[in-house]
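So you know, we letter chains A, B, ... as the sequences are listed, proteins then strands, and number each from 1. Given the structure is predicted, the values throughout are model-derived calculations rather than measurements.
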Number of protein chains: 2
Amino acid sequence: MNDTINDTRERILDAAERLFMAHGYEGTSMRLLTTEAAVNLAAVNYHFGSKEGLLQAVFRRRLVWLNGERLRLLNEMEAKANGAPLRPSQIVEAFFGTLLTMGEREELGGMTFLRLIGRTLTEPADFIRAFLASEYSEVVDRYKAALYRALPEVTREEIAWRFQFMLGAMSYAIAGTDALRIVGGPELASDTAHPTAHELKVRLMPFLLGGLRAPLPEMDGKASPH
Amino acid sequence: MNDTINDTRERILDAAERLFMAHGYEGTSMRLLTTEAAVNLAAVNYHFGSKEGLLQAVFRRRLVWLNGERLRLLNEMEAKANGAPLRPSQIVEAFFGTLLTMGEREELGGMTFLRLIGRTLTEPADFIRAFLASEYSEVVDRYKAALYRALPEVTREEIAWRFQFMLGAMSYAIAGTDALRIVGGPELASDTAHPTAHELKVRLMPFLLGGLRAPLPEMDGKASPH
DNA sequence: GTCTATATTCAGATAGAC
DNA sequence: GTCTATCTGAATATAGAC
């Protein structure tokens, strides 16, 4: 058997994952990419049709596992709970912990893919946001539904907001491990500039749960009081 | 007096703020920008030297007020406290509340600038991250120091991490108001797709404080226990 | 300060030989 | 499937007339 095809495809996907992570989608040229992957310039278009097609392939390669695993875990927990609501910590752990676990497993992309996800969620290009939204829609719907049941005293609107906040905290936590260095300072230097996925998880989870279960805001309408 | 100069400069800055917000830095061309601003293509280079110079001017116009106000509030609170540590909620309110307040004031850029900040913190271009880090360094150092005193039982490292998480949650909360729509769904539709700065603030603050004051993780070293 | 015209570079994509 | 050579368009930046 000839695996030259897969070799080339995989080399392109690996290089794209790394370069999109480091320089963003618009900041990565096909010329640099094909040079780094040691393949011909025309190979990307042959295998993936276009640069857009390449980006989608980069993500699909990982998201199939990630979101499949998230759904599998949720199904399993719900089967075990036998109709009872899940605990919020279980749900958060399954959703975010599964992602962070990928950072420890090189065959699933490791920290490179983690950082790529963290960064790409804020890419401005319309097609990227539309693509990710569609890839995520099923799993997000299922997890939101689980949170509704787990936190019946919290409005659905508030849960949706807090889901968004959790995604943001996670995304920055990851991206900030080597990109954004605004907080910076000696506390996050050397050692922790490249924390392991395990350390990230240990630090992030309490924060997310603390936020998710925080006291509800007193809503007084949207306009400020005269 | 002739204010043609300022007119042109301001029109360019306004258009840049809006377009960098909507399409990102790399995704915004000077041709589109000068067309929208109704100025000549060469005007940007004349007034700002380069596209990089323009981005820095766009931010400086707003950050002077923002970070000045943050420092002023912190000084004021510390003077009043008379040597006693501040409460965490005061600190968080001053840092994040000041930013969110800008969203209500059109003369400070309104929601457009808020969304721009949310998005730009994750721009991959090196010069942007370096520029923002240097613009933020003083105010972040001062606020971290205030948090150290306010939360003496929490390690400095943990506080730095949680500062980063809070920045992320805030950033997504803002960017997600019109960009990233991963959580989406009917709960965040229509009404809340463009929440007021006030609503954003009311929802975000409890989450940030809940995360900041969450129970500390049990650290068991960085390697996972075989 | 503002404009036109253009220099220069680089992007993504593809035709067609092998 | 892979390669070279090239098309086509768009980007930032600037020279120089007004």
Side-chain angles (χ1 to χ4, degrees), chain A residues 1-59 61 120 123-131, chain B residues 1-59 61 120 123-131:
Chain A
M1 299 241 288
N2 183 345
D3 59 355
T4 307
I5 304 171
N6 289 330
D7 247 35
T8 297
R9 280 185 60 100
E10 292 294 312
R11 279 218 305 282
I12 292 172
L13 289 173
D14 288 343
E17 190 165 69
R18 190 162 41 79
L19 291 172
F20 288 160
M21 177 273 282
H23 308 120
Y25 176 75
E26 306 239 32
T28 301
S29 77
M30 305 301 274
R31 280 173 169 79
L32 173 62
L33 195 151
T34 50
T35 302
E36 297 262 318
V39 301
N40 187 271
L41 172 61
V44 171
N45 267 276
Y46 177 79
H47 286 286
F48 302 100
S50 65
K51 192 181 177 183
E52 281 196 23
L54 172 59
L55 179 108
Q56 298 186 358
V58 166
F59 275 90
R61 178 168 72 147
T120 308
E123 282 277 0
D126 284 339
F127 91 92
I128 296 180
R129 292 206 310 276
F131 167 70
Chain B
M1 300 235 290
N2 184 345
D3 59 356
T4 307
I5 304 170
N6 289 331
D7 247 36
T8 297
R9 279 184 61 100
E10 291 294 310
R11 279 217 305 282
I12 292 173
L13 289 172
D14 288 343
E17 190 166 70
R18 190 163 41 80
L19 291 172
F20 288 160
M21 178 272 284
H23 308 119
Y25 176 76
E26 305 240 32
T28 300
S29 77
M30 304 302 272
R31 279 175 170 77
L32 174 61
L33 196 151
T34 50
T35 302
E36 297 261 319
V39 301
N40 186 271
L41 171 62
V44 171
N45 267 275
Y46 177 78
H47 286 286
F48 302 100
S50 66
K51 191 181 177 182
E52 282 196 22
L54 172 59
L55 180 109
Q56 298 186 358
V58 166
F59 275 91
R61 179 168 72 148
T120 308
E123 282 278 358
D126 284 339
F127 90 92
I128 297 180
R129 292 206 310 275
F131 167 70

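- The distance between atom CE of B:M30 and atom P of C:dA11, rounded to the nearest whole Å, is 19 Å.
- Counting any heavy atom pair closer than 4.0 Å across all strands shown, A:T34 reaches no nucleic acid atom.
- Side-chain N/O atoms of A:N40 include one lying less than 4.0 angstrom from OP1 or OP2 on D:dT4.
- Atom C1' of nucleotide D:dA10 and atom NE2 of B:H23 are separated by 16 Å, given to the nearest angstrom.
- One can place CG of B:L54 at 14 Å from C1' of D:dA13, the figure rounded to the nearest angstrom.
- Within the 4.5 Å cutoff, no side-chain heavy atoms of B:K51 are placed close to those of B:V44.
- Taking 4.5 Å as the limit, some side-chain heavy atom of B:F127 sits within range of a side-chain heavy atom of B:L55.
- Put simply, B:S29 has a side-chain N or O that comes within less than 4.0 Å of OP1 or OP2 on D:dA11.
- The listed nucleotides are D:dG1, C:dA5, C:dC3; the one nearest the side chain of B:A42 is C:dC3.
- Within the 4.5 Å cutoff, side-chain heavy atoms of A:L54 are placed close to those of A:L13.
- Residues A:T8 and A:Y46 have side chains not in contact (no heavy-atom distance under 4.5 Å, counting atoms from C-beta outward).
- Residue B:A43 is out of contact with every strand shown, counting any heavy-atom pair closer than 4.0 Å.
- In this structure, A:E52 atom CD and C:dA13 atom P are separated by 8 Å, rounded to whole Å.
- Going from atom CD1 of A:I12 over to atom C1' of D:dG1 covers 11 Å, rounded to whole Å.
- At distances below 3.5 Å, not a single donor-acceptor pair connects side-chain atoms of A:Q56 with backbone N or O atoms of A:F131.
- The nearest whole Å value for the distance from the CG atom in A:N45 to the P atom in D:dT4 is 16 Å.
- Checking D:dA5, D:dA13, D:dG1 against the side-chain heavy atoms of B:S50 singles out D:dA13 as nearest.
- Atom-to-atom, CZ of A:R31 to C1' of C:dT14 comes out at 12 Å; the value is rounded to the nearest Å.
- For C:dT2, the OP1/OP2 oxygens have a side-chain nitrogen or oxygen of B:T8 closer than 4.0 Å.
- The distance between atom NZ of B:K51 and atom P of D:dA11, rounded to the nearest whole Å, is 9 Å.
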